[in-house]
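In what follows, a single structure is set out as structure tokens and then discussed.
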Amino acid sequence: AQTVTQSQPEMSVQEAETVTLSCTYDTSESDYYLFWYKQPPSRQMILVIRQEAYKQQNATENRFSVNFQKAAKSFSLKISDSQLGDAAMYFCAYRSDFGNEKLTFGTGTRLTIIP
Amino acid sequence: DARVTQTPRHKVTEMGQEVTMRCQPILGHNTVFWYRQTMMQGLELLAYFRNRAPLDDSGMPKDRFSAEMPDATLATLKIQPSEPRDSAVYFCASGLLRTGTDTQYFGPGTRLTVL
């Protein structure tokens with residue numbers, strides 16, 4: 001079974017600075033998808049960014065980018081120019097490209113933005 | 001802007017009562033998921049459907065939980081009888097999977113409290 005580990009329960013960053021959230025995963029599969037979801041206090045789960053394992057190029061979405069290291073099974077999220085609205089829980093998630101299509105989530109990292 | 005909708009947003013009930021949660025997936029999406037979020041277990045899959053057919057319900061306590069899709073625009077999750085340990089946030093998510101896209105879009109969740 002796949003597992004996802006987020007080793008940083010909490011992180012904080014000064015507004016306008018850059019922060020990196022860590023995520024590692026364990027799988028024996030070669031094809032899969034990785035996601036970062038954001039959950040603000042409203043509880044809504046919002047997709048931040050996604051990465052297909054077969055793509056070597058790291059995904060980017062505006063101020064959000066990932067560092068995908070397939071051999072190391074690492075998938076970190078970098079947030080540039082942090083804004084107050086970025087404050088939330090961030091969840092890393094794995095989805096197999098075979099069989100069950102459920103998302104397997106990490107335990108989350110709570111990000112605080114310091115004004 | 002297409003969204004997954006869930007009703008009710010909040011539900012407080014007493015132990016032993018029946019609870020029904022409803023989800024309207026994004027129009028055209030072929031796959032619907034039910035997830036549960038608790039402090040202890042995090043986010044975990046309860047069940048999911050493709051084209052209204054159940055594919056996996058191994059995450060559900062079968063004796064009290066049931067999930068159905070009466071039609072393509074409605075998914076339901078029922079708990080009967082409810083217990084205090086069922087208190088959690090229940091998310092519905094939908095996606096257009098196995099068609100080259102793979103992203104799951106989440107609804108706002110139903111916060112259930114069983115007294």
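Every chain is numbered from 1, with letters handed out A, B, ... down the list of sequences.
Between Y37(A) and F35(A), the ring planes lie tilted relative to each other; the angle falls in the 30° to 60° range. A tilted orientation is assigned to the rings of Y94(A) and Y25(A), their planes being inclined by 30° to 60°.
Interface remark: Q37(B) contributes side-chain atoms only to the contact with chain A (heavy atom separation under 4.5 Å). Only the side chain of L55(B) comes within less than 4.5 Å of a heavy atom of chain A; its backbone N, CA, C and O stay farther away. Contact of I46(A) with chain B is not made at all, since no heavy-atom distance falls under 4.5 Å. For a residue to count as touching a neighbouring chain, one of its non-hydrogen atoms must lie under 4.5 Å from one of that chain's; by this rule R9(B) touches chain A with backbone and side chain alike. Looking at T104(A), there are no atoms closer than 4.5 Å to chain B (heavy atoms on both sides), in backbone or side chain.
Evaluation of the salt bridge (Lys or Arg N to Asp or Glu O under 4.0 Å) rule for D57(B) yields K62(B) as partners, not counting sequence neighbours.
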Would you sort out whether T109(A) and L77(A) count as a side chain to side chain contact (heavy atoms under 4.5 Å, CB included), showing the intermediate values? CA-CA 11 Å; T109(A) 296; L77(A) 175 69; over 6 Å; no
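The candidate from G42(B), G95(B), P108(B), G59(B) with the greatest count of non-hydrogen atom pairs under 4.5 Å with chain A is P108(B).
Donor-acceptor pairing under 3.5 Å is lacking for the side chains of S82(A) and E17(A).
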